[in-house]
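Shown next, in structure tokens, is the structure this report addresses.
Fair warning: this is a prediction, and the values are worked out from it, not measured in the lab. Heavy atoms only: backbone and side chains are in, while hydrogens, waters and symmetry mates are out. A, B, ... follow the sequence lines: proteins, then strands. Residue 1 opens every chain.
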Amino acid sequence: AQTVTQSQPEMSVQEAETVTLSCTYDTSESDYYLFWYKQPPSRQMILVIRQEAYKQQNATENRFSVNFQKAAKSFSLKISDSQLGDAAMYFCAYRSYNNNDMRFGAGTRLTVKP
Amino acid sequence: DGGITQSPKYLFRKEGQNVTLSCEQNLNHDAMYWYRQDPGQGLRLIYYSQIVNDFQKGDIAEGYSVSREKKESFPLTVTSAQKNPTAFYLCASSFRPGLAGGSSYNEQFFGPGTRLTVL
């Protein structure tokens with residue numbers, strides 16, 4: 001079974017600065033999807049960004065971008081120009097190509113300091 | 001507005017009681033899921049259903065039961081056999097892989113969650 005590891009239980013960043021959250025995964029599959037979800041204090045899970053494994057180009061969504069290193073099985077999230085509203089738990093997730101079984105990491109709690 | 005609703009937001013259960021958590025979606029998704037979230041452990045899959053009248057156990061199904069009589073609804077019952085039910089429960093839905101109507105990502109959309117506490 002695939003596993004997802006987030007090695008940073010907590011991270012902090014100064015407002016307007018950049019922060020990178022780490023995620024690694026273990027799989028023997030060649031095709032799959034990767035996601036970053038944000039869970040603010042309201043606990044609503046919100047999709048931040050997604051990446052298909054066969055696409056070499058890193059996904060970008062406004063201030064959020066990923067560094068996808070397929071050979072290293074690494075999928076880090078970079079948040080630029082951090083805002084107070086970015087404070088949340090961030091979960092990395094893996095989904096196999098042919099089924100909807102999604103595996104989540106344990107999460108990283110991001111604090112943004114004003 | 002399309003979305004996923006869960007009720008109640010907070011639920012208290014006495015020892016030995018069964019309780020049912022509601023999950024409804026109007027996104028026309030085929031697949032629905034139940035996750036349990038404990039502090040420091042991320043989300044763990046309890047049950048999932050790819051189609052009406054069919055569902056499969058996830059990683060931590062013991063002490064839980066589900067039904068899928070309608071496409072829109074996927075209620076979760078926490079039975080008295082679940083020894084440590086205090087947790088935050090999240091319901092999600094998505095399209096099935098390969099079906100028209102969704103992106104190839106088939107990302108899961110989540111409800112607002114139910115906080116269950118055993119008294």
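B/Gln37 contributes atom CD, which lies 7.0 Å from atom CE of A/Met89 (distance to the nearest 0.5 angstrom). Between the CD atom in A/Gln44 and the CZ atom in B/Phe110 there is a gap of 9.5 Å [rounded to 0.5 Å].
Only the side chain of A/Gln39 comes within less than 4.5 Å of a heavy atom in chain B; its backbone stays farther off. B/Arg44 does not touch chain A: none of its heavy atoms, backbone or side chain, sits under 4.5 Å away.
Residues of residues 103-113 of chain A lying under 4.5 angstrom from chain B, judged on non-hydrogen atoms, are A/Arg103, A/Phe104, A/Gly105, A/Ala106 by number.
Heavy atoms from other residues, nucleotides or ligands lying under 6.0 Å from CD of B/Gln17 number more than 12. The 12-atom threshold is exceeded at NZ of A/Lys70, counting heavy atoms of other residues, nucleotides or ligands nearer than 6.0 Å. Other residues, nucleotides and ligands contribute only 12 or fewer heavy atoms inside 6.0 Å of the CG atom of A/Asn62.
Contact tally against chain A (heavy-atom pairs below 4.5 Å) for B/Gly42, B/Ala31, B/Pro112: the top residue is B/Gly42.
Judged purely by atom type and a 3.5 angstrom limit, B/Glu107 has no side-chain atom pairing as donor or acceptor with the backbone of A/Leu47.
Hydrophobic clustering (ILVMFWY, side-chain heavy atoms < 4.5 Å, transitive): B/Tyr48 and B/Val66 are in distinct clusters.
Under the 4.5 Å side-chain criterion, counting only non-hydrogen atoms from C-beta, B/Tyr33 is not in contact with A/Met102. Annotation: side chain of A/Met45 is in contact with side chain of B/Leu43 (closest heavy-atom distance under 4.5 Å).
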